[in-house]
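Taking it in order: structure first as structure tokens, then the write-up.
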Amino acid sequence: MGFRQDHLLGIEQLAPDEIGEILDLADDYVALSRSADKHGDALKGLTQINMFFENSTRTQASFELAGKRLGADVMNMGLEASSIKKGETLVDTAMTLNAMQPDLLVVRHPHSGAVDLLAQKVNCAVLNAGDGRHEHPTQALLDALTIRRKKGRLHRLSIAICGDIAHSRVARSNLILLGKMENRLRLVGPPTLMPAGMAELGCEVFEDMEEGLRDVDVVMMLRLQKERMDGGFIPSEREYYHLFGLDAEKLAHAKPDAIVMHPGPMNRGVEIDGSIADDINRSVIQEQVEMGVAVRMAAMDLLARNLRARRAAA
Ligand code: NCD
């Protein structure tokens, strides 16, 4: 069967075997990234453009390193430097870049669906690095790789995703991926930050952290996405921390070997206690960052293989 995609726009489009193929290759790239010479040549001769219309630290750095480790020419385009500020539309900017013959276009955009639209206009492989509250496929894949390596499997685990579910593309992509892999999913958060219809999707919904975390294998915390909120979703950060912030007391309800995850950036003292985030026996937050580079290497490698095959057949 093999990986069949022209783009990586969301987890929605991926079959379980394709997810497995990305993760297997990413395992190889973890080993390469830990070796003395971190270089491969899977993307040699290819041009990768990173277009970030929203702030990013981890994701952009990780895509850049991933491309460089595999030999691509990598260019970063930040929002500040682009002509979008002068009124150019997203599609015009994309068409301009397309004329420079890129092979891989990595795009982050504040509007849900913007990356899908762009993929229809260009003739290279497009990777979604986060579009609005829609999807963030490489984040879900790196989370999956982290879980698989820590727990030894990616199915029949009990996983709690906690906090601002409603505004989170990380939660959405993770729900889709972990659901496809047949895990038990629990969503924990205040009703104001819980999208409707989650129970119908097969998730258990909790308003109470201690109940929601009971006996889970994985605790995934999310940042309050204040930039996507247009009013009072929570009474105050202090009260939010009291009710939903992950501290030792709440974590004690999870399994004794439960791992703690966070996609970053973290707000210590808002959704997570700093000492939990830094506890190397529980927190895998740094591993997630490491897995991010490997997963992006794997995703770009597989897309580049398909791109080359398409071009050779044309
Ligand atoms: C996430 C994002 O941008 O969606 N961050 C990330 O990519 N590591 C989560 C967030 O911003 O809270």
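What you are looking at is a predicted structure, and each value in this text was computed from that prediction instead of being measured. Whatever order the structure lists them in is the order used to number ligands and atoms, beginning at 1.
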Here the atoms of ligand 1 under 4.0 Å from any heavy atom belonging to P263 are 8 (N)

Should you measure from each heavy atom of T59, which atoms of ligand 1 turn up under 4.0 Å away?
6 (C), 7 (O), 8 (N)

A student checking ligand 1 against R223 at a 4.0 Å heavy-atom cut-off should list atoms 10 (C), 11 (O), 12 (O)

Main-chain N/O of S236 paired to E239 side chain as donor or acceptor, under 3.5 Å
no

Below the 3.5 angstrom mark, is there an N/O of G264, backbone or side chain, next to an N/O of ligand 1?
yes

Please determine whether any non-hydrogen atom of R108 lies less than 4.0 Å from an atom of ligand 1.
yes

For H136, atoms of ligand 1 separated by under 4.0 Å from a heavy atom
2 (C), 4 (O), 6 (C), 7 (O)

At a 4.0 Å threshold, what atoms of ligand 1 neighbour a non-hydrogen atom of P265?
10 (C), 11 (O)

N98 side-chain N/O to A94 backbone N/O, donor-acceptor pair under 3.5 Å:
no

Residue R4 excluded, over 12 heavy atoms near CZ under 6.0 Å:
yes

Under 3.5 Å between some N or O of ligand 1 and some N or O of R228?
no

Pick from L187, V170, V218: which one makes a side chain to side chain contact (heavy atoms under 4.5 Å, CB included) with I161?
L187

Has E210 got more than 12 heavy atoms of other residues, nucleotides or ligands less than 6.0 Å from its CD?
yes

Within a reach of under 6.0 Å around CD of E249, are more than 12 heavy atoms found that belong to other residues, nucleotides or ligands?
no

How about F233 and H167: are their ring centroids closer than 6.0 Å?
yes

If hydrogens are left out, which of R58, H262, R169 has an atom nearest to atom 2 (C) of ligand 1, that is, the closest non-hydrogen atom?
R169

Could you tell me which atoms of ligand 1, counted from 1 in the order shown, lie closer than 4.0 angstrom to a heavy atom of V170?
1 (C), 4 (O), 9 (C)

Heavy-atom contacts with Q139 under 4.0 Å: which atoms of ligand 1 show up? List them by number with element.
6 (C), 7 (O), 8 (N)

What protein heavy atom lies closest to atom 10 (C) of ligand 1? Include the residue and the distance to one decimal.
Q225 NE2, 3.1 Å

Answer yes or no for R108 and F52: cation-pi contact, defined as NZ/CZ to six-membered ring centre under 6.0 Å and angle to ring axis within 45°.
no

